[in-house]
Amino acid sequence: MVEKDLKKQGISRHDLVKEKFLEKIWEWKEKYGSRITHQIRRLGASCDWDKERFTMDEGLSKAVREAFVRLYEKGLIYRGPRMINWSPALRTAVSDLEVEYSEEPGFLYYFKYMLADLPGEFIPVATTRPETILGDTAVAVHPEDERYHKYVGKDVLVPILGRRIPVIADEYVDRAFGTGALKITPAHDPNDYTIGQNHNLEMINILNKDASINENGAQYAGMDRIECRKKLWEDMRAVDLVIKEQPYTLNVPRSQRGGEIVEPMISTQWFVKIQPLADRALASVKEGRTKIVPERFTKVYYNWLENIRDWCISRQLWWGHRIPVWYCDDCNAIIVSREDPTECSKCHSHNIHQDEDVLDTWFSSGLWPFSTLGWPEQTPELKYFYPTAVMETGADILFFWVARMMMFGLEFTDVEPFHTVYLHGLILDEKGQKMSKTKGNVVDPLVVMDDFGTDALRFTLLVGSTPGNDTNLSIKKVEANRNFANKIWNACRFVISNLEKAPQSAQVKPEWTLADSWIWARLKTLLNDSERLFENYQYGEAGRQIYEFFWSEFADWYIEIAKLQLAEGGDRDLLHCKYPGSRHGCLPAPAAPLHPLCNRGTLAGPQKDCPRDRFQTL
RNA sequence: GGGCGGUUAGCUCAGUUGGUUAGAGCGUUGCGUUGACAUCGCAAAGGUCGUAGGUUCGAGUCCUAUAUCGCCCA
């Protein structure tokens with residue numbers, strides 16, 4: 001976000017010195033961080049605000065280091081060249097999860113791979129990214145493909161560059177797709193990378209960090225990849241290597257943050273060997289120690305963990321937790337340490353420097369349930385608050401966050417961080433589009449609360465949807481619920497004012513009328529039902545039933561009847577909280593289950609007009 | 001390619017062990033109300049619950065197929 005703001009002013013992060021840039025980020029954090037907490041407070045969240053934590057806090061940094069070092073010592077963190085997703089604009093690696101794919105129109109380019117030693121003969125090959133030809137190190141065909149069988153083991157020539165590369169046979173090749181022959185660019189395509197490893201192919205990186213062509217691209221060096229695609233294709237056409245272009249729908253990988261095209265590249269990065277962690281996280285849900293609500297998400301969770309790949313945790317950014325690794329400039333030792341070292345642990349040289357990279361933000365977030373409580377110290381807070389009970393979060397970060405908390409929780413504490421994960425859907429804008437800082441279509445809850453009140457918004461958000469399903473935020477709905485909040489308020493006023501008029505001390509328990517008995521029975525049923533629904537995480541249904549009861553039965557009927565009863569005079573138990581020993585109170589009763597749904601009306605409102613104890617009869 | 005979700009009243013959506021005339025909000029129509037509430041009340045119109053089969057005494061709810069929209073993963 002900060003980089004975007006700067007971009008509007010024509011500044012890139014790389015134009016600023018690092019300190020200046022970090023300063024800007026802290027400014028942003030102060031501004032928006034406080035706005036977010038302000039929103040949450042206004043929504044009436046009952047939090048212990050003294051325990052607020054921020055990812056970059058001192059205590060969390062300590063936990064991050066501890067976690068990194070432990071994983072490293074256990075052999076679960078390693079550094080090495082691997083296929084990663086490279087974001088050219090941000091100039092950093094991003095994880096698989098941060099890449100989104102979009103279908104876009106493009107072309108399938110057909111061209112000739114000339115046989116090196118058989119003049120005039122060629123293998124036709126199709127590709128969607130011609131510029132990657134510069135990094136080709138093989139052509140693959142299916143082992144049983146009769147068309148190309150005779151060429152396996154021979155060499156072909158890379159167009160323009162003239163490098164000799166082998167023709168190999170691999171069952172991965174789909175005979176029906178394109179020409180049935182596949183060019184292999186192990187350094188710039190994940191599938192080719194796998195094939196390249198299996199066949200011990202050379203990997204030729206052809207891209208610089210800004211996705212321009214590097215020196216391996218010979219005369220194309222320095223061109224942007226898209227420009228190179230055009231130029232190379234023209235040059236190939238000039239020497240009769242082009243067969244045809246065919247319109248084709250591409251699946252383009254784009255960065256979730258910036259939106260620009262992500263390039264698969266070989267790069268040296270830090271990774272977490274994730275399999276052992278994933279196995280435990282998987283087992284605890286399978287064996288029921290942690291439950292996911294709604295249940296259908298367990299399948300999604302399984303599927304992800306069962307097919308997980310090592311997690312690339314290093315980012316070439318300036319903001320974040322620095323990787324706690326130092327390199328010795330004299331003996332090349334790698335020092336991984338909880339404390340900043342001053343000398344090389346091997347040769348005691350003082351010529352050491354820290355790894356420039358920072359950690360993926362989700363690395364620290366994954367430690368959240370215990371890093372915020374002082375871990376690795378066995379603090380009283382940690383003992384009391386860990387593990388917690390219910391983790392409530394958006395379904396969209398099941399992988400990013402929930403799965404990582406599960407994995408890290410089990411790895412570092414041997415206990416699941418929570419017994420239940422409740423996933424809500426997304427609050428979408430009126431058109432059903434995801435709200436995001438990037439898109440700028442965010443509806444500020446503060447504005448909605450100014451217009452309709454906190455309770456109206458709370459009630460709408462909690463009641464207006466069904467677990468795990470997305471909700472379009474409709475102002476009409478907020479308006480309707482504002483009317484409900486108003487109804488509660490007025491009903492409360494009526495009851496309270498009549499309580500004040502009632503005899504101060506009724507001596508005998510008054511006779512119940514039919515209406516009294518009816519509303520009491522209904523209330524008991526409602527309380528049972530709503531409690532059951534709350535326990536089953538069906539907040540929406542609970543809210544609807546309470547709404548229905550309060551408005552259609554309590555307000556429309558009981559209060560109307562009560563008016564008649566009051567007019568007759570005498571003691572009426574349900575409106576007489578003051579009767580000694582009475583635990584009945586029809587107003588507070590429906591207010592109790594309403595409290596989590598709209599706590600301004602049920603707490604702040606009545607409290608103002610009426611002593612608190614009247615609302616504690618349940 | 002695999003998986004998940006939606007498809008219910010004019011609009012936006014509820015409806016979780018299958019059970020009497022399928023619900024709400026908004027909108028529409030009519031009537032009413034000067035004491036909790038006009039940010040209101042009462043009433044009405046409006047639905048073959050995507051389609052086609054199946055299971056069952058009974059299906060919006062379960063099964064199979066299919067259409068269509070959306071999301072996730074590869």
Side-chain angles (χ1 to χ4, degrees), chain A residues 96-97 99-103 174 176-177 190-191 194 251 253 256 292-309 394-400 403 423 425-426 428-434 451-453 455-456 459-460 462-501 529 532-533 535-552 554-564 566-567 575 587 601 605-606 609-610:
Chain A
D96 295 339
L97 279 178
V99 178
E100 287 172 345
Y101 294 85
S102 70
E103 292 200 341
D174 178 359
F177 181 81
N191 296 317
T194 311
N251 216 3
Q256 190 187 44
I292 300 177
V293 180
E295 204 189 341
R296 65 186 143 89
F297 285 103
T298 56
K299 217 168 155 181
V300 182
Y301 176 86
Y302 292 162
N303 194 272
W304 188 69
L305 286 172
E306 280 164 0
N307 297 294
I308 198 162
R309 298 201 305 170
D396 57 331
I397 52 176
L398 177 63
F399 306 141
F400 283 113
L423 297 170
L426 267 40
L428 306 173
D429 72 4
E430 231 148 1
K431 293 176 215 149
Q433 280 200 315
K434 190 171 172 172
D451 291 347
F452 300 103
D455 284 338
F459 198 83
T460 305
L462 288 163
V463 174
S465 64
T466 193
N469 283 3
D470 296 347
T471 317
N472 299 6
L473 183 66
S474 147
I475 295 299
K476 283 276 184 195
K477 222 180 261 177
V478 182
E479 202 178 337
N481 289 323
R482 188 259 327 256
N483 292 350
F484 179 53
N486 185 56
K487 193 77 180 173
I488 297 172
W489 172 259
N490 281 306
C492 290
R493 267 202 340 189
F494 173 78
V495 173
I496 290 162
S497 71
N498 280 290
L499 284 176
E500 277 157 5
K501 281 184 237 153
D529 286 350
R532 177 179 58 81
L533 289 166
E535 275 168 4
N536 293 323
Y537 307 98
Q538 295 180 54
Y539 309 115
E541 192 53 27
R544 264 169 247 122
Q545 293 201 10
I546 297 162
Y547 178 101
E548 198 58 26
F549 170 82
F550 196 90
W551 200 318
S552 306
F554 182 68
D556 284 357
W557 287 98
Y558 185 70
I559 288 187
E560 293 307 316
I561 292 167
K563 285 178 188 169
L564 300 175
L566 286 167
L575 289 174
L587 172 68
D609 290 335
C610 182

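In what follows, chains are A, B, ... by sequence order, proteins preceding strands, each numbered from 1.
- At a threshold of 4.0 angstrom between heavy atoms, the contacts of Ala555(A) include nucleobase atoms, whether or not backbone atoms are also involved.
- Distance, Asp556(A) CG to rA36(B) P: 14 Å, rounded to whole Å.
- When the C1' atom is used for both rU68(B) and rA22(B), the distance is 24 Å, rounded to whole Å.
- With rounding to whole Å, Asn472(A) atom CG is found 14 Å from rG5(B) atom C1'.
- Going from atom CG of Leu97(A) over to atom C1' of rC71(B) covers 15 Å, rounded to whole Å.
- Distance CG (Asn307(A)) to P (rC72(B)): 18 Å, rounded to an integer number of Å.
- For Glu548(A) against rA14(B), a side-chain-to-base donor-acceptor contact under 3.5 Å is absent.
- Residue order along RNA chain B, read from the 5' end via each residue's closest nucleotide, puts Phe297(A) first among Phe297(A) and Gly540(A).
- Asn469(A) and Arg296(A) make their closest contact through OD1-NH2, 2.8 Å (heavy atoms, listed as atom of the first residue, atom of the second, distance).
- Of all the heavy atoms in Leu426(A) and Asp470(A), the pair that sits closest is N-OD1, 2.9 Å.
- Nucleotides rA24(B) and rG47(B) are separated by 14 Å at their C1' atoms, to the nearest Å.
- The shortest heavy-atom contact between Ile559(A) and Ala491(A) is CD1-CB, 3.9 Å.
- Rounded to whole Å, the P atom of rG23(B) lies 12 Å from the corresponding atom of rA44(B).
- Residue contacts for Arg296(A): at a heavy-atom cut-off of 4.0 Å it reaches the sugar-phosphate backbone alone, with no base atom in range.
- Residues Tyr537(A) and Lys477(A) both approach RNA chain B. Their nearest nucleotides, taken by heavy-atom distance, put Lys477(A) toward the 5′ side.
- With P as the reference atom, rG54(B) and rA14(B) are 30 Å apart, rounded to whole Å.
- Using cut-offs of 30° and 60° on the angle between ring planes, the pair Tyr537(A) and Tyr539(A) is perpendicular.
- Residues passing the ring pair (Phe, Tyr, Trp, His ring centres under 6.0 Å) test with Phe399(A) are Trp304(A), sequence neighbours excluded.
- Across rG10(B) and rC69(B), the matching P atoms stand 22 Å from one another, rounded to whole Å.
- Applying the 4.0 Å criterion to OP1 and OP2 of rC40(B), one finds that Asn483(A) has a side-chain N or O inside that range.
- rU64(B) and rA59(B) have their C1' atoms separated by 15 Å, given to the nearest Å.
- Side-chain N/O atoms of Trp304(A) include none lying less than 4.0 angstrom from OP1 or OP2 on rG3(B).
- A gap of 35 Å separates the C1' atoms of rU20(B) and rC4(B), to the nearest Å.
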query: With Watson-Crick and G-U wobble geometry limited to distances under 3.5 Å, how should the secondary structure of RNA chain B be encoded in dot-bracket form, using | for bases paired to another strand and [ ] for crossing pairs?
result: (((((((..((((.....[...)))).((((((....).))))).....(((((..]....)))))))))))).

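- Nucleic acid contact class of Asn486(A) (heavy atoms, under 4.0 Å, all strands): base.
- Between Thr466(A) and rC13(B) there is no side-chain polar atom (N or O) within less than 4.0 angstrom of OP1 or OP2.
- Residue-level contact check: Glu479(A) touches neither bases nor backbone, having no heavy atom under 4.0 Å from any strand.
- For the P atoms, the distance linking rG25(B) with rC63(B) amounts to 32 Å, nearest Å.
- Using a 4.0 Å heavy-atom cutoff across all strands shown, Trp551(A) reaches sugar-phosphate atoms only and no base atom.
- Across Phe550(A) and Ile488(A), no two heavy atoms sit closer than the pair CE2-CA, 3.6 Å.
- Nucleic acid contact for Asn251(A): base, since at least one base atom lies under 4.0 Å from a heavy atom of the residue.
- Atom CD1 in Ile559(A) sits about 15 Å away from atom P in rG35(B), given to the nearest Å.
- When the ring pair (Phe, Tyr, Trp, His ring centres under 6.0 Å) test is applied to Trp557(A), no partner is found at least two apart in sequence or on another chain.
- Between the CD atom of Gln538(A) and the C1' atom of rU17(B) there is a distance of 11 Å, rounded to whole Å.
- Within the 4.5 Å cutoff, no side-chain heavy atoms of Val463(A) are placed close to those of Tyr547(A).
- Going from atom NZ of Lys476(A) over to atom C1' of rG10(B) covers 14 Å, rounded to whole Å.
- Note: CD (Glu306(A)) to P (rC73(B)) measures 16 Å, nearest angstrom.
- Contact annotation: Lys299(A) side-chain N/O to rC4(B) OP1/OP2 distance is under 4.0 Å.
- Within 6.0 Å of atom CD in Glu306(A), more than 12 heavy atoms from other residues, nucleotides or ligands are found, so the atom counts as buried in its surroundings.
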